[in-house]
Amino acid sequence: MLHVCSANAFSPVETRGINMEHYDYIVVGAGIEGSWTAYQLVKGAEKKPSVLLLERFPLPHSRGSSHGQTRIIRNAYPDAFHTSIMPTAFREWQKLQAESGVDVLVPKPLLLIANEEGYKKMDKIIACVNEEKAKQPDADIQLKELSREELETEFPQAKFSSQHRACVEHTAGILRADKCVATVQSEFKKLGGVIRDGFEVTSVVPGERVTVRGRFNNQAASVTASKLAICAGPWASKLIDPLLPTKLPLEALRILVFYWKIKENGPGAIPSTFIDCGEGDFWGIPELEYPHMYKLSNPSYTDQVEPDDRDKNVGAPDYSSIADYIEKYFPGLEIKPSIVETCMYTVTPDLTCILDTVPGHRNIAFGCGFSGIGFKKAPAVGIMIKQLLNPEEEKILDSTAFRLSRFSTD
Ligand SMILES: Cc1cc2nc3c(=O)[nH]c(=O)nc-3n(C[C@H](O)[C@H](O)[C@H](O)COP(=O)(O)OP(=O)(O)OC[C@H]3O[C@@H](n4cnc5c(N)ncnc54)[C@H](O)[C@@H]3O)c2cc1C
């Protein structure tokens, strides 16, 4: 039997032996996107709506895409639609930190590197940042191109070639991922939000009242809501495809993450996060997780996976291309990984997320396909999903670029 925990939820109605609770909103999926969406729905509202956040696994869990210790947060992107939402996302993370008293965001410069292959991307990043600074003069975005001498002086631990160009975003940082998820959920609960973990949603029935069916404590269960948001990460297609005329263009990928020991008597590791805009899209995060380890990986260590089978048949990874890269540019790191972990990306063909409503059902919205860049944006995603479900309210962020229709061939 389910219990109504929200003061605002309507009285339960018995329906064929199932206790049907009704909420103003239900959000499916308590990863970072669903958690922020639930929080944004309840936060700031004068009359607090009843909001239920459903999660199939007991919380906290490491089966999706939002677990672990760190994620990079930055403003610097080569696409205006990404850069433009970041000042809002930053402000929301900072507010969360101030309100909760939990250190979720660690300021840390980001080093962007580009060989000739990456010059175009680097130029686009610089142009986007300058454009955004002109549009949002209050936004704190500091991006500086480094001279060859500055690169060598500020990052003596790396040996980039004379062809490399470099920029540093001094306003970037690291989000402490697990703490972020837990803190958003706890702030959501403080505002009266209800979280029910161990509830696996199996189907959604659209209507003026959306019915969400699933299994809770090994029993069939059913809840209803006036509005529904689905943020199911790598499992998104399973829940959303049955509601759409065509399948979502999503692929779940297993990604391997490598940690490399910092040599005892070497030059050390660079003290910043790091993204290579040209050669292989490598990225790195300094010693904030395991002591004396630099995290460095690239998206080539991915393969398509059934999300429930993420850790099956991982095998011994061939990490030679990362080791070669480290040998070339990071003499302070050992070239054999000390730790290998698995996680999942959910990607779209253009590596940009989808935020939309179900055609014909404006009261069902969804967010998916956040790839390897979605964590930092989650507060903004929550705002945009709230806007999609409430088109009559003031629009704070433009989500046009994230519509599903961009993949339409008509
Ligand atoms: C290794 C790695 C490094 C990354 N680095 C960065 C970075 O530096 N910066 C950055 O911004 N982003 C980064 N990302 C990307 C970011 O972490 C993801 O984009 C983001 O976590 C996606 O969150 P999500 O909420 O969509 O998915 P998830 O975290 O997977 O959440 C989905 C949730 O829905 C639940 N669910 C699914 N189906 C159901 C169901 N039927 N019923 C109930 N619950 C359900 C799942 O159990 C899960 O908890 C990285 C990702 C990885 C894997």
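The side chain to side chain contact (heavy atoms under 4.5 Å, CB included) check on A30 picks up S35, L53, E55, L59, Q185, with sequence neighbours excluded. Listed by chain and number, the residues in a side chain to side chain contact (heavy atoms under 4.5 Å, CB included) with S147 are E149, E150 (sequence neighbours excluded). Residues forming a salt bridge (charged side-chain N to carboxylate O under 4.0 Å, His left out) with R56 (at least two apart in sequence, or on another chain): E200, D308. With sequence neighbours left out, the salt bridge (charged side-chain N to carboxylate O under 4.0 Å, His left out) criterion links K227 to no other residue. With sequence neighbours excluded, no residue satisfies side chain to side chain contact (heavy atoms under 4.5 Å, CB included) with E208. In terms of the side chain to side chain donor-acceptor pair (under 3.5 Å) criterion, K261 has no residue partners (sequence neighbours excluded). With sequence neighbours excluded, no residue forms a side chain to side chain donor-acceptor pair (under 3.5 Å) with S405.
The number of heavy atoms from other shown groups lying within 6.0 Å of NZ (K121) is above 12. Shown here is N218, whose CG atom has no more than 12 heavy atoms of other residues, nucleotides or ligands within 6.0 Å.
Under the side-chain contact (heavy atoms from CB on, under 4.5 Å) rule, L355 has a single partner from Q387, R403, M384, E33, which is M384. With respect to Y25, the side-chain contact (heavy atoms from CB on, under 4.5 Å) criterion is satisfied by exactly one of I385, V51, L52, V210: V51.
Checked by atom type and distance alone, the side chain of R406 pairs as donor or acceptor with a backbone atom of F402 at under 3.5 Å. S237 contributes no side-chain N or O that, together with a main-chain N or O of L248, makes up a donor-acceptor pair within less than 3.5 Å.
Applying the salt bridge (charged side-chain N to carboxylate O under 4.0 Å, His left out) rule to pairs touching residues 357-386 yields nothing, sequence neighbours excluded. Among residue pairs with one or both ends in residues 171-181, none qualify as salt bridge (charged side-chain N to carboxylate O under 4.0 Å, His left out); sequence neighbours excluded. Sorted by first and then second residue, the salt bridge (charged side-chain N to carboxylate O under 4.0 Å, His left out) pairs involving residues 164-175 (not counting sequence neighbours) are D123-R165, E145-R165.
Under the 30°/60° scheme for interplanar angles, the aromatic rings of Y319 and W260 are found to stand perpendicular.
Among all heavy-atom pairs drawn from L228 and L389, the shortest one is O-CD2, 3.7 Å. Nearest approach of H164 to N115, heavy atoms of both residues: CD2-N, 3.6 Å. The shortest non-hydrogen separation linking S203 to L239 is N-CD2, 4.5 Å.
A side-chain donor-acceptor contact under 3.5 Å links D140 and Q142. For the 3.5 Å distance criterion, the side chains of S226 and H22 qualify, holding a donor opposite an acceptor. For the residue pair K295 / T70, a side-chain donor-acceptor distance below 3.5 Å is found, with atom types taken as modelled. Side chains of Y290 and Q69: no donor on one and acceptor on the other come within 3.5 Å.
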May I have the list of side-chain donor-acceptor pairs in residues 324-331 shorter than 3.5 Å, sequence neighbours left out?
unit_1: Y325; atom_1: OH; unit_2: D276; atom_2: OD2; d: 2.6
unit_1: K328; atom_1: NZ; unit_2: E279; atom_2: OE2; d: 2.8
unit_1: Y329; atom_1: OH; unit_2: E279; atom_2: OE1; d: 2.7

Taking only distance into account, with no hydrogens and no angle test, what donor-acceptor pairs under 3.5 Å do side-chain atoms of residues 99-111 form with protein atoms, sequence neighbours excluded?
unit_1: E99; atom_1: OE1; unit_2: Y39; atom_2: OH; d: 3.4
unit_1: S100; atom_1: OG; unit_2: L96; atom_2: O; d: 2.7
unit_1: S100; atom_1: OG; unit_2: V102; atom_2: N; d: 3.1

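Note on R254 versus D303: salt bridge recorded, some NZ/NE/NH1/NH2 to OD/OE distance being below 4.0 Å.
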Starting from the C-alpha separation in whole Å, work towards a yes-or-no answer on salt bridge (charged side-chain N to carboxylate O under 4.0 Å, His left out) for K238 and E306. CA-CA 11 Å; K238 273 194 184 163; E306 187 45 47; 3.8 Å; yes

